[in-house]
Engineer: 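The structure under discussion is supplied below as structure tokens; questions concerning it will follow.
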Number of protein chains: 2
Amino acid sequence: MQDKEISLAVIQRLPRYYRYLGELLENDVVRISSKELSERMKVTASQIRQDLNNFGGFGQQGYGYNVEYLYTEIGKILGLDKCYNVIIIGAGNLGQALANYTDFERRGFIIKGIFDVNPRLEGISIRGTEIHMIDELEEFVKNNTIHIAALTIPKLKAPAIAKELAKLGIKAIWNFAPIDLNLPKDVMVENVHLAESLMRLSYNLKALEESNTEE
Amino acid sequence: MQDKEISLAVIQRLPRYYRYLGELLENDVVRISSKELSERMKVTASQIRQDLNNFGGFGQQGYGYNVEYLYTEIGKILGLDKCYNVIIIGAGNLGQALANYTDFERRGFIIKGIFDVNPRLEGISIRGTEIHMIDELEEFVKNNTIHIAALTIPKLKAPAIAKELAKLGIKAIWNFAPIDLNLPKDVMVENVHLAESLMRLSYNLKALEESNTEE
DNA sequence: TAGATTGTTAATCGATTAACAATC
DNA sequence: TAGATTGTTAATCGATTAACAATC
């Protein structure tokens, strides 16, 4: 679709635009200018226009952007016009939390199966999705079209499972294990490192406290 | 401690350094050069040295860095040498998952209370931490020193609760609700937007598929 | 037409990388 | 001492912001 490589920074911001446009849409806002959106989002209007123009001209001079149209277009850019089949590896608390999160389904991410090593969980269903034993993983993936695997397993198990998933042809891994997965570069990995996020918060809290005592 | 403002990009990377150093420490590696660490982490050695030198000279020419020392120092920078008391607002799946995650405790984040609106959950304990009703929040925070509040509640409820927490003097919010909290700038907010993370993954997956069909 | 606001080019700013003198 | 590797300065690169002509 677009020519030049889109920078990581732009891609990082796209879902946030999508979220704001979704909220505007909910509030029946029909049009919005980059200036007004920039004020709401606390970014510059320039950045919004630059970002969007990576993908095409979605606005109109003198008018701004049609909220619904822009929302739909960004949705397409993010691939949200398609459905993706998801499996969750690891039916611990986090895996179950993901399985219970109905919002993902609304956006087209369909949970097809949940896998764990714990025999106690075998056969239990979460919102209609069955928990399978991990040794059924290979057959399951071969018999179903799976686009995305969410990894909510201990860090020591994650690299081996990820490697197996890659071998089975899964091209997208949503990794919650606190480790970097080294996979072929045609396998996309999106990390959610909660511990690192919490550390950033504690860094900022500490920096705040120090700046208070200094003055 | 340090003079000039540390850039956001550096702070983002610090926990990852900490994680790698922790792993090296577990593997009894005593010293490491920026070059070797850069190869493991897939960043440039220059960046590692620049990043670290924001906080001080932790290395030694001709030798490199002492792993244990550097690990400890980065821990201090991140505020991990102190303990923080945490409350979790929202005892849904995600809140319970956080409450069950023992790793946070190990790093000094102590969960002191969990709050919810659901009367069915009243009095139930998760790993020894009691679930309270949300109307007890104010008194609880006044009677306990709470440093961090994790918000795992629906997006519509998040802004009001966050505002209340700020008013009660809590200076750090770990926000899992898919909304931006507008709080006084002396309140630190760290967002974990899972839906946005998943969208980035689907963007990358889509981009990958398109690049495959093009060639 | 006049006003508004985009799309886009140019200028600025900041972050990353390269280079190397200092020094262990 | 010679070799290695840091800490730090300088060069490069990329991302952000500003400006404005195009145009609705």
Side-chain angles (χ1 to χ4, degrees), chain A residues 1-17 20-21 24 29-74 77 200 203 207, chain B residues 1-17 20-21 24 29-74 77 200 203 207:
Chain A
M1 186 162 273
Q2 75 283 339
D3 297 302
K4 56 193 173 304
E5 200 62 37
I6 307 295
S7 85
L8 203 70
V10 175
I11 297 162
Q12 290 275 356
R13 286 191 290 265
L14 277 184
R16 188 157 178 264
Y17 292 134
Y20 271 82
L21 289 162
L24 289 168
V29 177
V30 173
R31 63 164 282 275
I32 194 156
S33 68
S34 60
K35 182 156 182 290
E36 199 191 330
L37 187 57
S38 78
E39 282 157 9
R40 288 174 184 259
M41 295 186 66
K42 292 171 184 165
V43 298
T44 64
S46 236
Q47 183 165 75
I48 293 175
R49 294 204 299 277
Q50 286 277 25
D51 283 355
L52 296 179
N53 276 86
N54 280 297
F55 303 98
F58 300 120
Q60 204 164 43
Q61 282 98 329
Y63 173 83
Y65 299 88
N66 177 284
V67 173
E68 190 174 358
Y69 174 70
L70 188 55
Y71 178 78
T72 308
E73 287 304 308
I74 296 181
I77 293 165
R200 283 191 286 273
Y203 170 89
Chain B
M1 188 163 273
Q2 76 281 337
D3 299 300
K4 56 192 174 302
E5 198 62 38
I6 307 296
S7 86
L8 202 71
V10 174
I11 298 163
Q12 289 276 355
R13 285 191 291 266
L14 277 184
R16 188 158 176 264
Y17 293 133
Y20 271 81
L21 289 162
L24 289 168
V29 177
V30 174
R31 63 163 283 274
I32 194 155
S33 67
S34 59
K35 181 156 183 291
E36 199 191 331
L37 187 57
S38 79
E39 282 157 8
R40 286 174 186 258
M41 294 187 66
K42 293 173 182 161
V43 297
T44 63
S46 235
Q47 182 164 77
I48 292 175
R49 294 203 300 277
Q50 285 276 25
D51 283 355
L52 296 179
N53 276 87
N54 280 296
F55 303 98
F58 301 120
Q60 203 164 44
Q61 282 99 330
Y63 174 84
Y65 300 88
N66 177 285
V67 173
E68 191 174 357
Y69 174 70
L70 188 55
Y71 177 78
T72 308
E73 288 303 309
I74 295 181
I77 293 164
R200 282 191 286 274
Y203 171 88

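Note on naming: letters A, B, ... go to the chains in the order of the sequence lines (proteins, then strands), and numbering restarts at 1 for each one.
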Engineer: Distance check, rounded to the nearest 0.5 Å: A/L8 atom CG versus B/R200 atom CZ?
Structural biologist: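 A/L8 atom CG to B/R200 atom CZ measures 8.5 Å (nearest 0.5 Å).
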Engineer: Can you measure from CD1 (A/I74) to CG (A/L21) and round to the nearest 0.5 angstrom?
Structural biologist: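 Going from CD1 on A/I74 over to CG on A/L21, the span is 5.0 Å.
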Engineer: Report yes if a side-chain nitrogen or oxygen of A/R13 is closer than 4.0 Å to either non-bridging phosphate oxygen (OP1 or OP2) of D/dA15; otherwise report no.
Structural biologist: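 It does not, given that no N or O in the side chain of A/R13 lies less than 4.0 Å from OP1 or OP2 of D/dA15.
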Engineer: Looking at A/T44, does any N or O in its side chain come under 4.0 Å of the phosphate oxygens OP1/OP2 on D/dT17?
Structural biologist: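 True: A/T44 side-chain N/O within range (under 4.0 Å) of D/dT17 OP1/OP2.
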Engineer: Just verifying a value: how many Å separate A/T72 OG1 and A/N66 CG, rounded to the nearest 0.5 Å?
Structural biologist: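 If we round to the nearest 0.5 Å, A/T72:OG1 and A/N66:CG are 8.5 Å apart.
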Engineer: Taking atom P of D/dA15 as reference, at what distance in whole Å does atom CD of A/E5 sit?
Structural biologist: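 So the two atoms are 11 Å apart, to the nearest Å.
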Engineer: Does D/dA22 have a Watson-Crick or wobble mate here (both distances under 3.5 Å), and if so which one?
Structural biologist: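 Looking at the geometry, D/dA22 pairs with C/dT5.
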Engineer: Nucleotide by nucleotide, 5' to 3', does protein get under 4.0 Å of the base (B), only the sugar-phosphate (S), or neither (-) in nucleotides 1-9 of chain D, counting heavy atoms?
Structural biologist: ---BBBBBB
Engineer: Partner lookup for C/dA10, please. Criteria are Watson-Crick or G-U wobble with both distances under 3.5 angstrom; report none if nothing qualifies.
Structural biologist: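 When the pairing criteria are applied, D/dT17 turns out to be the nucleotide that pairs with C/dA10.
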Engineer: State which residues pass salt bridge (charged side-chain N to carboxylate O under 4.0 Å, His left out) with A/R31; sequence neighbours excluded, sorted by chain then number.
Structural biologist: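 Residues passing salt bridge (charged side-chain N to carboxylate O under 4.0 Å, His left out) with A/R31: none at all.
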Engineer: In whole angstrom, what separates A/L8's CG from D/dG14's P?
Structural biologist: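 Distance, rounded to whole Å: 14 Å.
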Engineer: Roughly how far, to the nearest 0.5 Å, is CG of B/N54 from OG of B/S7?
Structural biologist: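 That separation rounds to 7.0 Å.
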Engineer: CZ of B/F55 to CD1 of B/I6: how many Å apart, nearest 0.5 Å?
Structural biologist: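 The CD1 atom of B/I6 is 4.0 Å from CZ of B/F55, to the nearest 0.5 Å.
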